[in-house]
2 protein chains.
Amino acid sequence: MDRTPNAARRPQLNRARVLAAAVELADRTGIEALSMRGLAQELGVVPMALYKHVANKEELLDGMVEAVVGEIGPPTGGADWQAAVRGRVLAARAALLRHPWASRAIESRTRPTPAMLSHLDSVAGLFLAGGVSADLTHHAMHALGSRVWGFTQELFPAPPTDPAAQAAAEAAQAATAAQLQAMAAHFPHLAAIVAARSHDPGSVVGGGCDDAFEFEFALDVLLDGFARLHRAGWTSAH
Amino acid sequence: MDRTPNAARRPQLNRARVLAAAVELADRTGIEALSMRGLAQELGVVPMALYKHVANKEELLDGMVEAVVGEIGPPTGGADWQAAVRGRVLAARAALLRHPWASRAIESRTRPTPAMLSHLDSVAGLFLAGGVSADLTHHAMHALGSRVWGFTQELFPAPPTDPAAQAAAEAAQAATAAQLQAMAAHFPHLAAIVAARSHDPGSVVGGGCDDAFEFEFALDVLLDGFARLHRAGWTSAH
DNA sequence: ACCTGAACACCGTTCAAGT
DNA sequence: ACCTGAACACCGTTCAAGT
């Protein structure tokens, strides 16, 4: 058999293989470099062959997000609601850290996918199971925002997800002493708080901060705030 | 004079005119539809003419962000630090709401622009002037994240900034009764908290929530948390 | 049913040439 | 000094054709 040259060396294309290859390619080259044509080439196939398995590029990205969000796995019960939500958010973060492009892909979606809704539903369920009102849970979920996916838009601009460009950006970011002095002159308050940063004296902005610490600090401030409002019987008066 | 046909009807191109036209075009058509070629056409000029005034598209976007962040204006002093920071963040939000594409443009920057650094410096200055330690200020700024620009990645995916696509998305989002029941069956906790939303019973996800309320709710939870840590003499042990 | 080839309507950007 | 024209190396996607 092997009627076509392609079938001789490749298993038949299907949606799962297309999505897996797209995830792998994005892991390797960044989301900006991911194109239908490049993905087709990776699969040893002509670009139009992909369109039998995904309707268009938007649906490809939906499928990739679905795959990553699906990695989060089911919630582990037991703890109080504050610890349970914390654990689930950090599990989402762990999944996203494995795919640096994923936060950008999630941001670019214009509609939630089933796996996204399922994850949100499970987080909401942890609040409600802990006795938090639907009203407070609703506003708490909004306040978490993209933090329920394990990321947030950071204070300083994000480095590109393309690994090569990322290395270049980090090299460019290593500030000289002169640049540091110029910054201190123009932005004295920033210079003061940058001096108070947790780690890594080698870089000035963007790098040099402990991402995990900052993420958990903010998460805990929010969760403590929610707990306080819950204990006080808070309701939005609407 | 009027040597060229173009000079007869248009003032000479310069960086400010290019940036102003880009901002206006993005306001009207969305950031996704903004192209160097489209912008050139808007200005009655050939695409390559733009490259005398901006190095490339990235620098064009830098300039646009610079323009919007520059609209925030200088801080108003007087109040306690918590109110001062709150006011400044809401001023940033007001500027960004005038340009729906601006949050996406800020997200896409890989390096802070001078106006961005200046705004960050002014916010840091408000904390420090209120007696908050550089250490706590640093982590508080990280916790605010993109909220210092007046936006955050919301829980549900963002509608496209292109006004036409936005209208289409909203129409598609108006859920039928059947869809609502299906959602309640699959995602019971989401259904429960959506039912507790502030406003607008006509839509199910994404719409239907009071953006201003959610933004200020989260901002106040964070600011209250920072104030509490400040009063308790909190330090990160590093 | 699935893949291919050629084509269309776009991009950002370079280079050499005009005035 | 500033703008133009033609070209290059890309995009996503359509349509009609192959097997």
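In what follows, every heavy atom counts, from backbone to side chain, and hydrogens, waters and symmetry copies are set aside. We name chains A, B, ... by the order of the sequence lines, and we start the count at 1 in each one.
Under 4.0 Å is where a charged nitrogen must lie from a carboxylate oxygen, and between B:Glu59 and B:Arg15 at least one such pair does. With respect to the salt-bridge test (charged N to carboxylate O, under 4.0 angstrom), the residues B:Arg104 and A:Glu107 do not qualify. We find that A:Glu216 and A:Arg147 are not joined by a salt bridge, their nearest charged nitrogen and carboxylate oxygen being 4.0 Å or further apart.
The side chain of B:Lys52 sits closest to D:dC2 out of C:dT4, D:dC2, D:dT13. Which of D:dC15, D:dG5, D:dC11 sits closest to the side chain of A:Met48 comes down to D:dC15. Set against C:dT13, D:dT4, C:dC3, the side chain of A:Leu13 has C:dC3 as its closest nucleotide.
Protein atom CG of B:Leu50 is 13 Å distant from nucleotide atom P of C:dT14, rounded to whole Å. For the pair B:Glu32 CD and C:dC11 P, the computed distance is 14 Å after rounding to whole Å. The nearest whole Å value for the distance from the CD atom in B:Gln41 to the P atom in C:dC11 is 9 Å. Taking atom CG of residue A:Leu43 and atom C1' of nucleotide C:dC2, one finds them 15 Å apart after rounding to whole Å. Rounded to whole Å, atom C1' of C:dT13 lies 14 Å from atom CG of B:Leu60. The interatomic distance linking A:Ile31 (CD1) with D:dC11 (P) rounds to 14 Å, in whole Å. One atom, CD of A:Glu59, and another, P of D:dT13, lie 11 Å apart when rounded to the nearest Å. D:dC3 atom P lies 13 Å from atom CG of B:Leu39, rounded to whole Å.
At least one donor-acceptor pair under 3.5 Å links the side chain of A:Glu66 to the backbone N or O of A:Ala115.
Figure legend: B:Arg93 and B:Phe215 shown as a cation-pi pair, the cationic atom lying under 6.0 angstrom from the six-membered ring centre and within 45 degrees of its axis.
Sequence order on DNA chain C of the closest nucleotides to A:Arg37 and A:Ala49 puts A:Ala49 first from the 5' end.
Close to D:dT14, at under 4.0 Å from its OP1 or OP2, lies no side-chain N or O of A:Tyr51. Proximity of B:His53 to the phosphate of D:dC3: a side-chain N or O atom is located under 4.0 Å from OP1 or OP2.
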**Pairing string, 5' to 3', for DNA chain C - Watson-Crick or wobble contacts under 3.5 Å, brackets [ ] where pairs cross, | to another strand** = ||.|||||...|||||.||
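A gap of 14 Å separates the C1' atoms of C:dA7 and D:dC11, to the nearest Å.
Looking at every heavy atom in both residues, B:Ser146 comes nearest to B:Gln153 through OG-N, 4.5 Å.
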**Request:** Go through A:His139 and B:Phe213 one step at a time and tell me if the ring pair (Phe, Tyr, Trp, His ring centres under 6.0 Å) criterion holds.
**Result:** CA-CA 9 Å; A:His139 299 298; B:Phe213 181 92; 4.7 Å; yes
